[in-house]
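Okay, structure first, notes after.
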Amino acid sequence: MCGISGIVELGGGAVDRALLAHMNDLIEHRGPDGHGILIERNLGLAHRRLAILDLSDEGIQPMEWQDRLVVVFNGEIYNYIELRDELQLLGYAFRTGTDTEIILAAYAHWGDECVNHFNGMWAFALFDRQNRRLFCSRDRFGVKPFHYKVQSGRFQFGSEIKQLLDSSPKVNKRILSEFIQTGIANHTAETFFKGIECLPASHNLIIDLRTGQWNTERYYTIERDEQVNSLDLSGFVARLTDEFSRSVRYRQRSDVKVGSCLSGGLDSSSVVTEASDQLNAQGADLPMTAITAISTEPATDETEFARAVVENSDLVWRTTKPQFEDFVSLVDEVVYTQEEPFGGPSVFMQYAVMAEAKEAGCKVMLDGQGGDETLLGYQKYYPSAYLAFAKSYGWRRALREIQNSSKNNTRMSIKWILLYSAGIFLASPRRWHSQWQTRVMKSHWRNLTDLPHMRRIAYAARDVFELQRLEIECTNLPVLLRFEDRNSMRHSIETRLPFLDYRFLESALSGRVEHKIHGGWVKYALRVMMRGRLPDRIAWRKDNIGFNAPENSWLLAHTAAMKAEIASSELLKDVCHMSQVLGRFESLNSQLKWRLYIIAVWERLYNVER
């Protein structure tokens, strides 16, 4: 896990070494264990190292392969041991114990197809000297970031946006407009900064260093596995069990201490239980360390659930309990870390967990991110499931599931079932509601977008598989992965996500809907899989909280400061009717108040211009 930087002078000119070094220095937090720079003619590559595998100097990057290939790499190839064995049988020899060297050998053997052999998370740039080309790639689900911009004949890329910013960056007006109206972010290749994009997940980017021409191409698409779809419940659970066990085992490969996040919810509890069981089976000297963020509001406090998991698996347990004063003192730091506006204060809880992990000496942290998207864990997925039941088994079965969901999920009253159904299937009313909620915006700003993702959601919601794929590729997971990456790497920590192993994910998405939502229970197959391994109060929880911040009390206490920050924003004066915003601030939707506030903070910290 590291940070990467690069410059290509597309017209063939020399690379500015000072600029490249500055870009690399800006991400020292991503790799405090070493750094390196390589410049050859119109190409410059730089790297910041966070040593996880082979802690010796042999792992320093840029790493070369037989004077032909050079790579800078951020991430982990979890199946590097299996690939090394395979490549050795093909005649390749290795001098390090790193997964970085595996990327080089795999490219030497398979070329661009090498990425289809990787199981992991990655963003890398590989220089092929022989063919004078730069081969860049981002992992299947975008766990690791790759940002770039093209300006005045120069292609620059980096792990973080701040590496690419001018002194007075311009706002991407359409992205900002969508965020204010809906709260959605990171759903396209564009960022909040005009001219800066991210390489989409599952894509490669290739630059011909001789001509300066470049292009992107997709190498992976999530497909339904009909064999998995044909399995009965016991077969599906067995398949998930095998893939989950292997996924966690892969993600415990490390030469440094591995810990785990633990909210007390089903996903993180499953991860930490499986990881702890594997360690115990291997005869580990010390139990796994789990870290929990405690909310100061009883309604969002999961301490007792986390405690039950800790006692069940005999974990070393560390907790952190951010106070309002901590939130206030960290606002600028967290916004600067995240680089783009975000939809709520819960990001601060994850930030606190990563800070505690660093104190605990856990350089690698497992996390349950992705469990809800892969196994239908959110309440908003219920309506699509009801429709699937109706199509396959008739409306009587669907009505029975509606009745059961109101019993087995604390959020699913008939009122919420109707609201979720209208919200996911009917794009026009949802779009109208968003625009009505944000009527303090000036019309020319609101009209910059017709909120196309709402139509995409409404269309995809007719098929559960398509909805899950959309959520993973566009509407839900990308922004969560941005939070995960920035919060962890700010503290020089690598997070690993077992639910986003591509083999597990493909299996989970391909299972029949009645195995994922059954008897009103979301993530039913996971509950069955963990039955007897987790306390029943965890395996059969009826709510889904996660690392939620005590935002009601925090935002109430922070009202005056939020108002003042918004009032000072030149950008928001252009976007909104400020007299309406400030005149009836207390009556505005709480989510809208947060969005406006966080935009104002972001604008100030990054000196963003209209």
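Basis for what follows: all heavy atoms, side chains included, without hydrogens, waters or symmetry-related copies.
- Proximity of F192 to N186: side-chain heavy atoms (C-beta onward) are nowhere separated by under 4.5 Å.
- A donor-acceptor distance shorter than 3.5 angstrom exists from the side chain of Q61 to the backbone of F73, with no hydrogens or angles considered.
- In terms of modelled atom types and a separation under 3.5 Å, the side chain of T296 and the main chain of Q323 share no donor-acceptor contact.
- Salt bridge R30/D485: present, at least one basic N to carboxylate O contact under 4.0 Å.
- Between the H203 side chain and the A201 main chain, a donor and an acceptor come within less than 3.5 Å of each other.
- Using a cut-off of 4.0 Å between Lys/Arg side-chain N and Asp/Glu carboxylate O, E565 and R604 are scored as salt-bridged.
- Taken to the nearest 0.5 Å, the OG atom of S579 stands 9.5 Å off from the CZ atom of R584.
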Practice task
Take T449 and S177 through the test side chain to side chain donor-acceptor pair (under 3.5 Å) and record every step on the way to the result.
Solution key: CA-CA 7 Å; T449 175; S177 175; 6.0 Å; no
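- For R218 and E473, the salt-bridge test passes: some basic side-chain N is under 4.0 Å from an acidic carboxylate O.
- Between W214 and F155, the ring planes are perpendicular. Angles over 60° get that label, and only those under 30° would be called parallel.
- Judged by the 6.0 Å distance and 45° axis criteria, K162 is not positioned over the aromatic ring of Y606.
- The main-chain N or O of L50 is never found under 3.5 Å from a side-chain atom of D33 such that the two would form a donor-acceptor pair.
- For CD of E333, the number of neighbouring non-hydrogen atoms (other residues, nucleotides, ligands) closer than 6.0 Å is greater than 12.
- Here CD1 of I493 is found 9.5 Å from CD1 of I52. Values are rounded to the nearest 0.5 Å.
- Enclosure of atom NE2 in H22 is not indicated, since only 12 or fewer non-hydrogen atoms of other residues, nucleotides or ligands lie within 6.0 angstrom.
- A donor-acceptor distance shorter than 3.5 angstrom exists from the side chain of E603 to the backbone of L571, with no hydrogens or angles considered.
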Practice task
May I have the step-by-step check of side-chain contact (heavy atoms from CB on, under 4.5 Å) for T292 and T303, ending in yes or no?
Solution key: CA-CA 8 Å; T292 301; T303 307; 5.6 Å; no
Exercise for the section: Evaluate side chain to side chain donor-acceptor pair (under 3.5 Å) for D54 paired with T98, printing each intermediate quantity in order. Expected result: CA-CA 6 Å; D54 189 345; T98 67; 5.6 Å; no
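- In this structure the side chain of R456 never reaches within 4.5 angstrom of the side chain of H187, judged on heavy atoms.
- The local environment of NE2 in H433 is sparse, with at most 12 non-hydrogen atoms from other residues, nucleotides or ligands closer than 6.0 Å.
- Heavy-atom neighbours of H147 NE2 from other residues, nucleotides or ligands within 6.0 Å: above the threshold of 12.
- M23 contributes atom CE, which lies 10.5 Å from atom CG of L165 (distance to the nearest 0.5 angstrom).
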Exercise for the section: Any chance you could lay out the side chain to side chain donor-acceptor pair (under 3.5 Å) test for Q350 and S346, step after step, and finish with the verdict? Expected result: CA-CA 7 Å; Q350 187 186 57; S346 290; over 6 Å; no
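- Note that the CD atom of E297 and the CD atom of E551 stand 8.0 Å from one another [nearest 0.5 Å].
- Cation-pi check for R138 over F146 is not met; the charged atom does not lie both under 6.0 angstrom from the ring centroid and within 45 degrees of its normal.
- When atom types are taken as modelled, the side chain of K257 and the backbone of A360 share a donor-acceptor pair closer than 3.5 angstrom.
- Looking at heavy atoms from C-beta onward, Y351 lies out of side-chain contact with F483 at the 4.5 angstrom threshold.
- A heavy-atom distance below 4.5 Å is found between the side chains of Y78 and M121.
- Note that the CZ atom of R140 and the CG atom of D501 stand 9.0 Å from one another [nearest 0.5 Å].
- Using a distance-only test at 3.5 Å, with no hydrogens or angles considered, no donor-acceptor pair links the side chain of D301 to the main chain of I294.
- The shortest side-chain heavy-atom distance between M578 and I566 falls under the 4.5 Å cut-off.
- The shortest distance between side-chain heavy atoms of V328 and F324 falls below 4.5 Å.
- Under the 3.5 Å distance criterion, the side-chain polar atoms of W594 are left unmatched by any main-chain donor or acceptor of P345.
- No more than 12 heavy-atom neighbours from other residues, nucleotides or ligands sit within 6.0 angstrom of CG on D57.
- At most 12 non-hydrogen atoms from other residues, nucleotides or ligands lie less than 6.0 angstrom from NZ of K194.
- Residues R446 and V575 form no side-chain contact, since every pair of their non-hydrogen atoms from C-beta on lies 4.5 Å or further apart.
- Note that CD of Q181 and CD of Q435 are 5.5 Å apart. Values are rounded to the nearest 0.5 Å.
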Exercise for the section: Let me see the working for L10 and V150 under side-chain contact (heavy atoms from CB on, under 4.5 Å), right down to the final yes or no. Expected result: CA-CA 9 Å; L10 299 174; V150 183; 4.0 Å; yes
Exercise for the section: Assess whether side chain to side chain donor-acceptor pair (under 3.5 Å) is satisfied between S168 and N607, documenting all intermediate values. Expected result: CA-CA 6 Å; S168 298; N607 196 29; 3.1 Å; yes
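- Aromatic rings from W602 and F193 are positioned such that their centres are separated by under 6.0 Å.
- The shortest side-chain heavy-atom distance between T495 and M354 falls under the 4.5 Å cut-off.
- Here R174 pairs with E190 in a salt bridge; the nearest charged N to carboxylate O distance falls below 4.0 Å.
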